[in-house]
Protein chains: 4
Amino acid sequence: MATATARQQRTQRRRAEIISAAIELFQERGFHAATTHQVAERAGLSVGLIYQYFGNKEDLLRAVIVDILGEFRDRIPVEIAASGADPVARLRAGYRAYVAVIDENRDGTLLTYREGLTLAPDGREEIKKLEIETAAPLRDVILEGMASGAFVDVDVDLVVHNLILSAHGWALKHWRLAKSYDVSSYADAQLDLLLRAIRP
Amino acid sequence: MATATARQQRTQRRRAEIISAAIELFQERGFHAATTHQVAERAGLSVGLIYQYFGNKEDLLRAVIVDILGEFRDRIPVEIAASGADPVARLRAGYRAYVAVIDENRDGTLLTYREGLTLAPDGREEIKKLEIETAAPLRDVILEGMASGAFVDVDVDLVVHNLILSAHGWALKHWRLAKSYDVSSYADAQLDLLLRAIRP
Amino acid sequence: MATATARQQRTQRRRAEIISAAIELFQERGFHAATTHQVAERAGLSVGLIYQYFGNKEDLLRAVIVDILGEFRDRIPVEIAASGADPVARLRAGYRAYVAVIDENRDGTLLTYREGLTLAPDGREEIKKLEIETAAPLRDVILEGMASGAFVDVDVDLVVHNLILSAHGWALKHWRLAKSYDVSSYADAQLDLLLRAIRP
Amino acid sequence: MATATARQQRTQRRRAEIISAAIELFQERGFHAATTHQVAERAGLSVGLIYQYFGNKEDLLRAVIVDILGEFRDRIPVEIAASGADPVARLRAGYRAYVAVIDENRDGTLLTYREGLTLAPDGREEIKKLEIETAAPLRDVILEGMASGAFVDVDVDLVVHNLILSAHGWALKHWRLAKSYDVSSYADAQLDLLLRAIRP
DNA sequence: TATGAATGAGGGTTCATTCAT
DNA sequence: CATGAATGAACCCTCATTCAT
């Protein structure tokens, strides 16, 4: 039905608008300091509506974080796929994409760190699952590399853990890193360091 | 005067009690969700007293973070000094101490991550300074090692940044890492990886 | 639009309800001793709403005082205008109206005296301006009288100052004056005294 | 006993110091905004001591007001007595003294107005009694004048009421009056006006 | 659907007052 | 007498949430 579809689209748009406003506000002032009224105002609609789209403030936070993590899940595999077959090239592409997403969303990344515990256990589990899902493509690349002999045998999970930490580090310590690096050179420097450790 | 000293000691103890209770509560429920009344109750004293020792809730948070960072500043140099002259041994000692402090203080570490941004600019600056101070001993060890030829030439600050991130990683992702590592093996695994990258 | 008007009316009514409750309470117990919860309770609505209509407790006090002063501004000129052309009659009408308003609003008048200084400089200025505005009609009457020869030349401002003080005196010392006077006889006695001084 | 006397003197001095500090503070910030700690600090002693000299904060306020009113009670009769036998001269002397005390203690006068109601009924009664006592000398002067034919027959209490109101008016509306008058000319102008009304 | 007026529990903070030293 | 650390009741204010329109 055309009407139903139109309505659904409208709903989708509304949701996106609210999430977008919430991301901005949560980043600017932190989840707790930002009020639902402010979110409503910035999104250009009424408080009541927020409660129709998201049951409560915490659910909105969850949606916001999921939205951010979603970008990683969507973009990293694409970039890896587009980079050919060489494990090193694939790793480089994946990591660079990861850091790029973080850079475009620096405050959002911090938000995930700051407010992860704010969520109730349910939400926390959802986030953890998404984080693992997000890291999976990088994990696969390392595994492939190890299988093909391009990388030595190491604890994949530790390496992935480090990759992700170092990527997040770009947001976490941006105030210091930005003096010596830009996104691209940071990613390269980290990759060089890692490759020295895991190349045969 | 004995009395003056006794009073000072009492004051010190009180401060420590409050900070300790605050760390627990802030980490359990988050800074915003924890109430000053709860902190008072857990510390076994009255709300009013908290406000006599720390001007307000945010100052308490600041004190808590400073207190945690202080432990790094105090313990790492000692461990390094006690480990002899070999750069690798010194690095190992310093990093292990760092990870150990984090492990003993996992809640506090997470707190620093979560709530560091909650502070007003002033407090944030203070924390940043302390963080740099805290990292200095590790930084010196790397520099010595590079000077003596024990390590190849790399960007010291990047390496130190990674060391600290990976140490914090132990607290940040403890829920996952604890399945494969204990503190000690985690530190060793990370050191091995790093040494592969920076040894000639 | 009917709805908009209805809403505005409702808003006006709410404001008036809150102000009315506040006048009562502030006068009964003093501004500081009265709590916002008490005001809300007496007005039959919630605390939160008070803060939606008036930003904070002090602003409520300001509104209360402005409201009271407004009655003078509205009523005195009307009474004067309705009293003909004779300066003495006009003075009498104006002053009696002034005292009448005070009598109907004795609590409010005392409040102005007691709590006027409680306001921050901004509010104080606003009040001062209103006070001057309030006195203007009486001032004009005296000036007319002097111009027409009905009154001798005196310092208008001093005379007006005394008129207002003596009117306020009815509220300030009501506990004593009420033994000998009622509103009307008080106003007359004061007028007689004044006229002896300023009639040629 | 010399020691007992010395102790009493010390007590008297302490009391005076506290009252003096309290007057300053209460005037500067109002009774409610001033804290007992601030009073203690300004008086150069500990909070606890205030509670030994005055049972509680309200009693301190009462003492402060009594102290101020005491000055009227002490000075006006002296000035009247020193001004000879002429009723007009005596009235002038008494009123000028009254206004002078107010001028020297402008904030204290306002304090009496603002905080009179703050006191519990007991204290309020005490103040009222003192006010009447304070006005008595002026009342007597008017009565004498009426008896001697220097003044016409009027309601003494109304006249005294006006005298005192106008004197207080100097403190209450000082911000406006100070543009046209100083203490002395204000007293004279008021006296002139009054004398036109009550001289035969 | 959409609004926003209304609610009220709860939090940070203050400060008069006490009491062990 | 004198101190000042300690208490805790109480206040102002915020803000997530609801619901009549």
Side-chain angles (χ1 to χ4, degrees), chain A residues 7 10-11 14 31-41 44-61, chain B residues 2-3 6-8 10-11 14 31-41 43-60, chain C residues 2-3 6-8 10-11 14 31-41 43-60, chain D residues 7 10-11 14 31-41 44-61:
Chain A
R7 203 176 296 167
R10 181 184 176 74
T11 298
R14 291 277 211 203
F31 173 69
H32 285 97
T35 72
T36 51
H37 278 85
Q38 287 166 349
V39 175
E41 192 182 15
L45 32 79
S46 69
V47 226
L49 208 54
I50 290 186
Y51 282 82
Q52 264 169 58
Y53 282 92
F54 307 87
N56 55 33
K57 202 188 174 193
E58 188 180 324
D59 273 356
L60 178 55
L61 173 60
Chain B
T3 326
R7 201 179 318 211
Q8 268 181 320
R10 184 177 182 73
T11 298
R14 289 284 205 204
F31 173 70
H32 287 96
T35 73
T36 51
H37 280 85
Q38 287 165 350
V39 174
E41 194 180 9
L45 32 78
S46 68
V47 224
L49 204 57
I50 292 185
Y51 284 83
Q52 241 164 84
Y53 280 88
F54 308 88
N56 54 29
K57 202 187 175 192
E58 186 178 328
D59 270 358
L60 176 55
Chain C
T3 325
R7 200 178 319 207
Q8 268 181 320
R10 182 177 184 72
T11 297
R14 288 284 206 203
F31 173 70
H32 287 97
T35 73
T36 51
H37 277 85
Q38 287 165 349
V39 174
E41 193 181 11
L45 34 77
S46 68
V47 224
L49 204 56
I50 293 187
Y51 284 83
Q52 237 164 88
Y53 280 89
F54 308 89
N56 54 30
K57 203 187 174 192
E58 186 178 327
D59 270 359
L60 176 55
Chain D
R7 203 176 295 167
R10 182 185 174 76
T11 298
R14 292 275 212 202
F31 173 70
H32 285 96
T35 72
T36 51
H37 278 85
Q38 287 165 349
V39 174
E41 192 182 15
L45 31 77
S46 70
V47 226
L49 208 52
I50 292 187
Y51 282 82
Q52 265 170 54
Y53 282 94
F54 308 86
N56 56 32
K57 200 187 175 192
E58 188 180 323
D59 273 356
L60 177 55
L61 173 61

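As a basis for the values below, the full set of heavy atoms in this structure was taken, side chains included, without hydrogen atoms, waters or symmetry mates. Note on naming: letters A, B, ... go to the chains in the order of the sequence lines (proteins, then strands), and numbering restarts at 1 for each one.
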**Request:** Go ahead and name the base partner of dT7(F); Watson-Crick or wobble counts if both distances stay under 3.5 Å, otherwise write none.
**Result:** dA16(E)

**Message:** Distance check needed: dG11(E) P versus Asn56(B) CG, whole Å only.
**Reply:** 17 Å

**Request:** Please lay out, stage by stage, how Arg14(A) and Arg10(A) fare under the test side chain to side chain contact (heavy atoms under 4.5 Å, CB included).
**Result:** CA-CA 6 Å; Arg14(A) 291 277 211 203; Arg10(A) 181 184 176 74; 3.2 Å; yes

**Asked** In whole angstroms, how far is the C1' atom of dC13(F) from the CG atom of Leu45(C)?
**Response** 16 Å

**Message:** Less than 4.0 angstrom between a side-chain N/O of Tyr51(D) and OP1 or OP2 of dA2(F), yes or no?
**Reply:** no

**Whole-Å gap separating C1' (dT13(E)) and CZ (Phe54(B))** = 16 Å

**Request:** Check whether any side-chain heavy atom of Leu60(D) lies under 4.5 Å from a side-chain heavy atom of Tyr53(D), and answer yes or no.
**Result:** no

**Request:** Take atom CG of Asp59(C) and atom P of dC12(F), then tell me their distance rounded to the nearest Å.
**Result:** 14 Å

**Fill in**
In this structure, CG of Leu49(B) is separated from CD of Gln52(B) (nearest 0.5 Å) by 5.5 Å

**Message:** Without decimals, in angstroms, what is the distance between His32(D) NE2 and dC11(F) C1'?
**Reply:** 12 Å

**Prompt:** Within the pair Arg14(A) and dT1(E), is there a side-chain N or O less than 4.0 Å away from OP1 or OP2?
**Reply:** no

**Asked** Quick one: is Thr36(A) getting a side-chain N or O under 4.0 Å of the dA16(F) phosphate, OP1 or OP2?
**Response** yes

**Request:** Between Gly55(A) and Gly44(B), just flag the one whose closest nucleotide in DNA chain F comes earlier from the 5' side.
**Result:** Gly44(B)

**Rounded interatomic separation in angstrom, taking NE2 from His37(B) and P from dT14(E)** = 13 Å

**Message:** Closest-nucleotide mapping onto DNA chain E: is Gly48(C) or Gln52(A) further toward the 5' terminus? I mean the 5' end.
**Reply:** Gln52(A)

**Asked** In whole Å, what is the span from the NZ atom of Lys57(A) to the P atom of dT17(F)?
**Response** 8 Å

**Request:** Please check the phosphate of dC1(F) (OP1 and OP2 only) for any side-chain N or O of Ser46(D) closer than 4.0 Å.
**Result:** no

**Request:** For residues Ala40(D) and Ile50(D), report the shortest heavy-atom separation together with the two atoms involved.
**Result:** N-CD1, 3.6 Å

**Request:** Scan every strand shown for a Watson-Crick or G-U wobble partner of dA2(E), both distances under 3.5 Å, and answer none if you come up empty.
**Result:** dT21(F)

**Prompt:** Side chain of Lys57(D), backbone of Tyr51(D): donor and acceptor closer than 3.5 Å?
**Reply:** no

**Complete:** Quick note, Thr35(C) side chain, CB onward, closest among dG4(E), dC12(F), dT17(E) is dC12(F)

**Touch class at under 4.0 angstrom, heavy-atom based, for Ala34(A) against every strand present** = sugar-phosphate

**Asked** Rounded to whole angstroms, how far apart are CG on Leu49(C) and C1' on dA20(F)?
**Response** 15 Å

**Request:** Measure from the side-chain heavy atoms of Arg10(C) and tell me the nearest of dA6(E), dG12(E), dT17(F).
**Result:** dA6(E)

